[in-house]
Amino acid sequence: MPGRTEIVKLLAEQPIGSEVKVMGWVRSFRARRFLVLNDGSCFQNLQVVVDFERFDEELLRKIQFHACVAVTGKLVESEGKGQDIEVLAEQIELLGACPADAYPLQPKRMTMEFLRENAHFRMRTNTLNAVFRVRHGLAYAVHKYFHDNGFYYLHSPIITASDAEGAGEMFHVTTFDLAHVPKTEEGEVDWKQDFFHRPTNLTVSGQLEAEVGALALGKVYTFGPTFRAENSNTTRHLAEFWMIEPEMAFFDIHDNQDLAEDFVKYLIRFALEHYPDELAFLDQRIRNEEKNMPKEKRRPMGLIEMLEFVLAHDFERITYTEAIDILRKSKDFKKGRFQFEPAWGADLQAEHERYLVEKKFRKPVIVRDYPAEIKAFYMRQNDDGKTVAAMDVLFPYIGEVIGGSQREERLDRLQARMRQMGVPEEELWWYLDLRRFGGCPHSGFGLGFERMVQFVTGMGNIRDVIPFPRTPGNAEF
RNA sequence: GCCUCCAUAGCUCAGUUGGUUAGAGCGGCGGACUGUUAAUCCGUAGGUCCCAGGUUCGAGUCCUGGUGGGGGCGCCA
């Protein structure tokens, strides 16, 4: 727009005395004199001083919460406290009215549940605004980290034919008219007539394809949407989420752990450096929220304090066997505070993970070398004959943020595992070929992007860190 | 999928052992005031108490069944 300046630029350069034109949405209009605008260019607002005697009454009446206006005026030093500069309005143009008697949002505290039902408006609130700024920053940092460290961004397919990854229930992809599905003479679905001439699904993981890339480009990563048709109803599951999956040739499980720790610390550091205003706001928001809670329910640390704490300490690294041992020796177990008994061979329950992270070590923990029975077929079998080189990175509040492993590169071992677990070898012929032709030791992991955003922003529900959450029974927007 | 809690004004909530006309704050609308920072003050409108049954002289309140939502667990990232 001719002559329009972004608020971020005005606040940074503060061109006192110059004539400026700003456009933005009304955050508040106090005393019919103080108009606060936000244009999305930064988290801060710009105050506009309106000499209301000079403006049309009809126009002033329409300057309501979240209406959109263009203001021309002189930029001056602010007379009041709370802001350095302000604009003395000479012209005000209403770009888009926002009738307050019909608009669902209000300049007051609203619940996250209410805002979810108004997902098309919720990004206009300070909280969601801050969250999505940080989300963007983290996405950018993912690419920057990997690029700077010699990784190649690999676009793994969204539609896949393999249904053998064991990562969960899948969404089917078809062009069939579901009311008239073609059948074979035997009465079964005739997939040969479908678009791909075979059954296909939305991807649940790009890992197998990433391995293809790693064995050619050395270090690759995927970063794309991932779909799980599981009926999961929790604050940390989505049916559609974004996953980051680095895969590295010549990395063993220890290199894998080093990378995971360095990577997530980089992301946290990036957010702290580039989004201090947003994080300060989110930090304060949590404090306000917890003000009326009993002390034992509050977070032991503030948001920023916790992020800095995570950066300042090495992640604890233990084996699954050690984890079980710690849990069985714990006071919580002896006093019967666990609902599930920690026992070698059983998966760690959420309560066990929380004990390790929040009570025992009080920092992120990486658990590795899990029993083979509870992990996927492609994980590398350890020499003990019982465990595989798997690793989970556990964070406070959100639990597992990363799951990964060293991959089984030995063809005979891999095939034995597949037969044992009923994974069809024919379908994964190309995956097995990676072991037949020029195979090498390699490792990788998957990071749930939304869980990372959750951790950095301190948001309690994963549905509030993705613009349009898909969960069982919900795909409205 | 299992367990649990919740549903009262536009929003956030209160509503006593079942008892007359359903309450507050914020927001809306009308007005006053003006260098404010969630401005303040006065006035005013606004309710199918989620839906359908049932118990009762009487149900926002108790019971049953739905629907919608929150939280916990499982599955996982």
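Lettering follows sequence order; numbering is per chain, from 1.
Between A/Asn474 and A/Asp347, it is A/Asn474 whose nearest contact on RNA chain B lies nearer the 5' terminus. Closest-nucleotide positions on RNA chain B for A/Phe34 and A/Ser232 were compared, and the one nearer the 5' end corresponds to A/Phe34.
Distance noted for atom C1' between B/U20 and B/G25: 26 Å (whole Å). Going from the P atom of B/U17 to that of B/U61 covers 15 Å, rounded to whole Å.
Stacking between A/Phe241 and B/A77 is present: the aromatic ring centre lies within less than 5.5 angstrom of the base six-membered ring centre, and the two planes differ by under 30 degrees.
Side-chain N/O atoms of A/Gln47 include none lying less than 4.0 angstrom from OP1 or OP2 on B/U37. OP1 and OP2 of B/A38 both lie 4.0 Å or more from every side-chain N or O belonging to A/Ser28. Dashed line: the shortest gap from a side-chain N or O of A/Asn461 to OP1 or OP2 of B/G70 is not under 4.0 Å. At B/C75, none of the side-chain N or O atoms of A/Arg236 fall inside 4.0 Å of OP1 or OP2 (strictly under the cut-off).
In this model, no side-chain donor or acceptor of A/Glu113 finds a partner on the base of B/U12 within 3.5 Å. For A/Arg228 against B/A77, a side-chain-to-base donor-acceptor contact under 3.5 Å is present.
Taking the six-membered ring for Trp and the full ring otherwise, A/Tyr152 and A/His147 have centroids separated by 6.0 Å or more. Aromatic ring centroids of A/Trp344 and A/Tyr320 lie under 6.0 Å apart. In this structure, the ring of A/Tyr153 has its center less than 6.0 angstrom from the ring center of A/Tyr221.
By the 30° and 60° cut-offs, the orientation of the rings of A/Phe315 relative to A/Phe395 is perpendicular.
The nucleotide whose nearest atom lies closest to any side-chain atom of A/Arg61 is, among B/G31, B/U12, B/U37, B/G31.
For the pair A/Asp464 CG and B/G71 C1', the computed distance is 14 Å after rounding to whole Å.
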